[in-house]
Amino acid sequence: MSGTQFGKGCHLHLIDGSAFIFRAYHALPPLTRKSDGLPIGAVAGFCNMLVKYIETNTGPDAPTHVAVIFDHSGKTFRNDLYDLYKANRPPAPEDLRPQFPLTRDATRAFNIACKEIEGFEADDIIATLAHQARDAGGRCTIISSDKDLMQLVGGGVEMLDAMKNKRIDSDGVMEKFGVGPDRVVDVQALAGDSVDNVPGAPGIGIKTAALLINEFGSLDELLDRAEEIKQPKRRQTLIEKRDQIELSKKLVQLDCDMVLDFSLDDLELREPDPDTVLNFLTEMEFRTLSARMAKQMGREAPVIPEPTATPAAAAEDDPAEAVPFDAEKYECVRDAEALQVWIDRIRGRGWVAFDTETTGLNEMTADLVGVSLCVEPGEACYIPLTHKAEAGSDDLFGSDALAEGQMDFDTALSMLKPVLEDPAILKIGQNMKYDAKIMARQRGAGFADGITVAPYDDTMLLSYSLHGGEHGHGMDTLSERYLDHTPIPIKPLLGTGKSAITFDRVPIADAVPYAAEDADITLRLWKTFKPQLHREKVTTVYETLERPLSPVLARMERHGIKVDRDTLSRMSNAFAQKMAALEDEIHTLAGESFNVGSPKQLGEILFDKMGIEGGKKGKTGAYATGADILEELATEHELPARVLDWRQLSKLKSTYTDALQDHINPETGRVHTSYVQTGANTGRLASADPNLQNIPVRSEEGRRIREAFVAETGNKLLSLDYSQIELRILAHVADIGTLKQAFADGLDIHAMTASEVFDVPLDEMTPDIRRKAKAINFGVIYGISGFGLARNLRIPRAEAQGFIDRYFERFPGIRKYMDSTVEFAKEHGHVQTLFGRKIHTPEINAKGPRAGFAKRAAINAPIQGTAADVIRRAMVRMPDAIAHLPAKMLLQVHDELIFEVPEAAVEETTETARRVMESAADPAVHLDVKLTVDAGTGDNWAEAH
DNA sequence: GACATCACG
DNA sequence: GACGTACGTGATGTCC
């Protein structure tokens, strides 16, 4: 064929390169190149697929022309049409990114044409080439299963699903879309695509779309004659969403007329050059594959040397055992020359374990004292930066002068900044959010905007993804458990109590082994955990739910929320007055003075002195005086009623109005919480220092505390919360048709439950019946028991059990879900969320009361955890989605997100954020129940909620 | 540092 | 038939 022009009798193969890469990446464990640890799993898989492709494409149907087409990174013209196009797509995993260019190299090494064009997707290039081939009278086979390419089929163009080895022609397209290839675009425009975030027409899927297109002939015709549609909802959608549908069509329509700087003739099939192929495979250190290719091409198999048996190389195979911990080997870096040596090593390696030492635990106020680095197990350094000189005999309280033998602070950070920010160098930390926040606050000559640590892996998050529910994820726990090594304790260095010192007062000689060891441990943990992700099938959880969330949380925490000190202070004084009055009253009622805040003293007053009936409880033998007990007593006695009032005020004052003031950052005037990403076993976040996830709202008096959380002048606080998200998820996972329908119809779900369980028509519903049903609904989520429901509703246990029995009779699917969940936990030792998060249940086979706890936790975890995953996904996507707006995401409260927005942008932010939240499950999971989000705004959190 | 209590979803 | 019990968190004050 050589030298002839593409035309009749020619057969062009177009390979969707990106599909090959992702399939290869997900099919193989995260392999790394032995000599330097470069991730090459996807490249290996890609090459294997190329070889297989070459081997199978012989004979009469073989191609005469071939090209592999890639997506060019960055935005395409479709993003100009619609800024949210493909906005759902998570960024490529960190260990895949460096492999993209290598797949191009591989294609060229096999002497196959390799094409990509900036601003266009691979699909457009494929479309243009397919049309050129067809117009020239030749054949074209597109090797891909991407349905977006189906519009190209026909007139000699076919698709080939390489996985299933199935050809797709016009009939195949008809099967998939219900219309011929020429109307595929019309159907796609209506149906939309959650994967690419093409909006389409809400409520219309492929089936309905095909029906409509077949009835009206074309999309244009359909839109013009939309008035004729009988179904009112559908008609309204098509009329109202016309713009959106037409935009969708533009998004899915491939560009068949690109101007290319090459022709079909340039794609002619060429024999690979043996030297080039083998050189490439050798460089990648693919032993099996290079031997196979060598044999095929009649060459000697190339020799790929095993890495020399240094201790470091041995560590690759057995990270925990190979290199003993040796504090003597840690280096103290004291000048630029020494630091440069480390930086060169890091650049050669492509990754570094990184840890900071600071003067405190609060990332918003602590000062940086030093930095440690580690590139090989056992080989770590500490760079002291702001250690203070040791106290001499004359200055008892320590000098403020810097200790000798430390690098200049600015010089060190200016040298580290390019490394810490280099996208090609992976930073590895334990709880890296802390270190990233510290580094972001460092400013100086050459780093005026702070230092943005990215990209990073976090061993704490790796452990959480792998071992959530099994144990804690602090460094000491992980080191002992997985490295069999007890880290040097910090206590002896800092001391305890009043005499405790900050890290900058620790002598450098003592700081080096402690600090460097932390980086050493972190690197070893990473080497232990990272390869386990794939084996445990939690790569997606880590890469989409944990890793990208960490920097998002860091940013929210750094923003903080404005809290008005005067408001809190005034409330505090008012509470104090009321409490004093109540205290007098209580003492009078008791006939003696005692500490109202002491449950022990209160118990003695109530049950011993006053002789009220009610028993001891608890292992300590003390009387129980919890709110539920006092409430019962309060119906007959005055004193417990007053104590309840006092307790409420005491709680509000001490935990909120007083403590919160101490958390206002003097520099920012705002309160900066810290989210604990690994805090809850279910996947929920926890908030600490201060906890902003438990600010009062249920009582009128408490809710007023939210008035102190305010927006900056000219701004509003915006609150968006998922409506009934856990019940919706329950309806989906347990597959309860009635519940799903109720949500679809927008019914009051508790009233609906009441109506089903108690046989009361909706229009005869009373608030009390509804309240009972609501308690049952929540009980179900928690792993209901007769006892628990009875206590919650304060009804006899038998009656509560009757409710539950009736509920399960009415919704047998729920009991089935609960049983099968517990069964799953017993068999696998974990349960999981819809997004693949594993929650381990080590207690599930325990005996006694612990078994009950474990069972209920196992039932609750997939529901609470899936809801947690959903809002995490929304949070991960939010920064990009609102990047064009002046809005800031400030807080998360499990099913609620709070933003601060300039007044003018409130509406658009609401709309955008709501869309992100409501579609957060897509495309990974399609929920049978839609998620809805309620929104509110105001000058403070009380108004916004 | 354990325990009881209570704030939130 | 008895065991015990609603799920998930964090902060505070008392008491030893």
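Numbered from 1 within each chain, the chains take letters A, B, ... in sequence-line order.
In this structure Y464(A) satisfies the side chain to side chain donor-acceptor pair (under 3.5 Å) test with no other residue, sequence neighbours excluded. Every residue two or more places apart in sequence or in another chain that forms a side chain to side chain donor-acceptor pair (under 3.5 Å) with D805(A) is listed here: Q801(A). Applying the salt bridge (Lys or Arg N to Asp or Glu O under 4.0 Å) criterion to E613(A), with sequence neighbours excluded, gives no partner residue. Looking at residues two or more places apart in sequence or on another chain, you find no salt bridge (Lys or Arg N to Asp or Glu O under 4.0 Å) involving R555(A). Taking H828(A) as the reference, nothing meets the side chain to side chain donor-acceptor pair (under 3.5 Å) condition, with sequence neighbours excluded. Here K740(A) pairs with D735(A), D928(A) under the side chain to side chain donor-acceptor pair (under 3.5 Å) rule; sequence neighbours left out.
With T841(A) contributing its side chain and G829(A) its backbone, the two residues share a donor-acceptor pair below 3.5 Å. Checking side-chain atoms of E756(A) against main-chain N and O of L739(A) turns up no donor-acceptor pair under 3.5 Å. With R670(A) contributing its side chain and H559(A) its backbone, the two residues share a donor-acceptor pair below 3.5 Å. At least one donor-acceptor pair closer than 3.5 Å links the side chain of R706(A) to the backbone N or O of P696(A). A donor-acceptor distance shorter than 3.5 angstrom exists from the side chain of S598(A) to the backbone of Q601(A), with no hydrogens or angles considered. Of the possible polar contacts, one joining the T673(A) side chain to the A688(A) backbone as a donor-acceptor pair under 3.5 Å is found.
To the nearest angstrom, C1' of dA7(B) lies 14 Å from CD of E701(A). The nearest whole Å value for the distance from the NZ atom in K653(A) to the C1' atom in dT12(C) is 12 Å. Going from atom CE of M571(A) over to atom P of dA7(B) covers 14 Å, rounded to whole Å. Going from atom CG of L897(A) over to atom C1' of dG9(B) covers 13 Å, rounded to whole Å. Rounded to an integer number of Å, the gap from Q677(A) CD to dG8(C) C1' is 17 Å. As rounded to whole Å, 17 Å separates atom P of dC7(C) from atom CG of L727(A). In this structure, the CG atom of L685(A) is 17 Å from the C1' atom of dC7(C), given to the nearest Å. If you measure from atom CG of N860(A) to atom P of dG9(B), you get 16 Å, rounded to the nearest angstrom.
Salt bridge annotation for D768(A)-R771(A): present, with a cationic side-chain nitrogen under 4.0 angstrom from a carboxylate oxygen. Using a 4.0 Å cut-off between a side-chain N of Lys or Arg and a carboxylate O of Asp or Glu, E707(A) and R704(A) qualify as a salt bridge. A salt bridge is absent between R806(A) and E809(A); no separation between the charged side-chain nitrogens and carboxylate oxygens falls under 4.0 Å.
Ring pair Y807(A)/F803(A): centre-to-centre distance not below 6.0 Å.
Distance check on atom C1': dA2(B) versus dA6(C) gives 24 Å, rounded to whole Å. Using P as the reference atom, dA4(B) and dT5(C) are 12 Å apart when rounded to the nearest Å.
The stretch residues 645-652 of chain A comes close to DNA chain B through R647(A), Q648(A), K651(A), each having a heavy atom under 4.0 Å from the strand. For the segment residues 823-844 of chain A, the set of residues with a heavy atom within less than 4.0 Å of an atom of DNA chain C is empty.
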Using distance only, find each side-chain donor-acceptor pair of residues 890-897 of chain A under 3.5 Å and give its atom names and separation, not counting sequence neighbours.
from: Q892(A); atom 1: OE1; to: Q693(A); atom 2: NE2; distance (Å): 3.0
from: Q892(A); atom 1: OE1; to: H894(A); atom 2: N; distance (Å): 2.9
from: E896(A); atom 1: OE2; to: S719(A); atom 2: OG; distance (Å): 2.8
from: E896(A); atom 1: OE2; to: W941(A); atom 2: NE1; distance (Å): 3.4
from: E896(A); atom 1: OE2; to: H945(A); atom 2: ND1; distance (Å): 3.1

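Here A659(A) lies in heavy-atom contact (under 4.0 Å) with sugar-phosphate atoms only. Nucleic acid contact class of A624(A) (heavy atoms, under 4.0 Å, all strands): sugar-phosphate only.
Stem analysis of DNA chain C (at least three stacked-register Watson-Crick or G-U pairs, each with both distances under 3.5 Å) gives B:1-9 with C:7-15.
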Footprint string (nucleotides 1-6 of chain C, 5' to 3'): B base within contact, S backbone only, - free, heavy atoms under 4.0 Å: ---BBB
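Phosphate proximity of dT5(B) to T625(A): present, with a side-chain N or O under 4.0 Å from OP1 or OP2.
Among the nucleotides dG8(C), dC8(B), dA11(C), the one closest to any side-chain atom of N694(A) is dC8(B).
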Output a table of nitrogen or oxygen pairs between the protein and nucleotides 14-16 of chain C separated by less than 3.5 Å.
from: dT14(C); atom 1: OP1; to: N595(A); atom 2: ND2; distance (Å): 3.1
from: dT14(C); atom 1: O3'; to: S598(A); atom 2: OG; distance (Å): 3.3
from: dC15(C); atom 1: OP1; to: S598(A); atom 2: OG; distance (Å): 2.3
from: dC15(C); atom 1: OP1; to: Q601(A); atom 2: NE2; distance (Å): 3.2

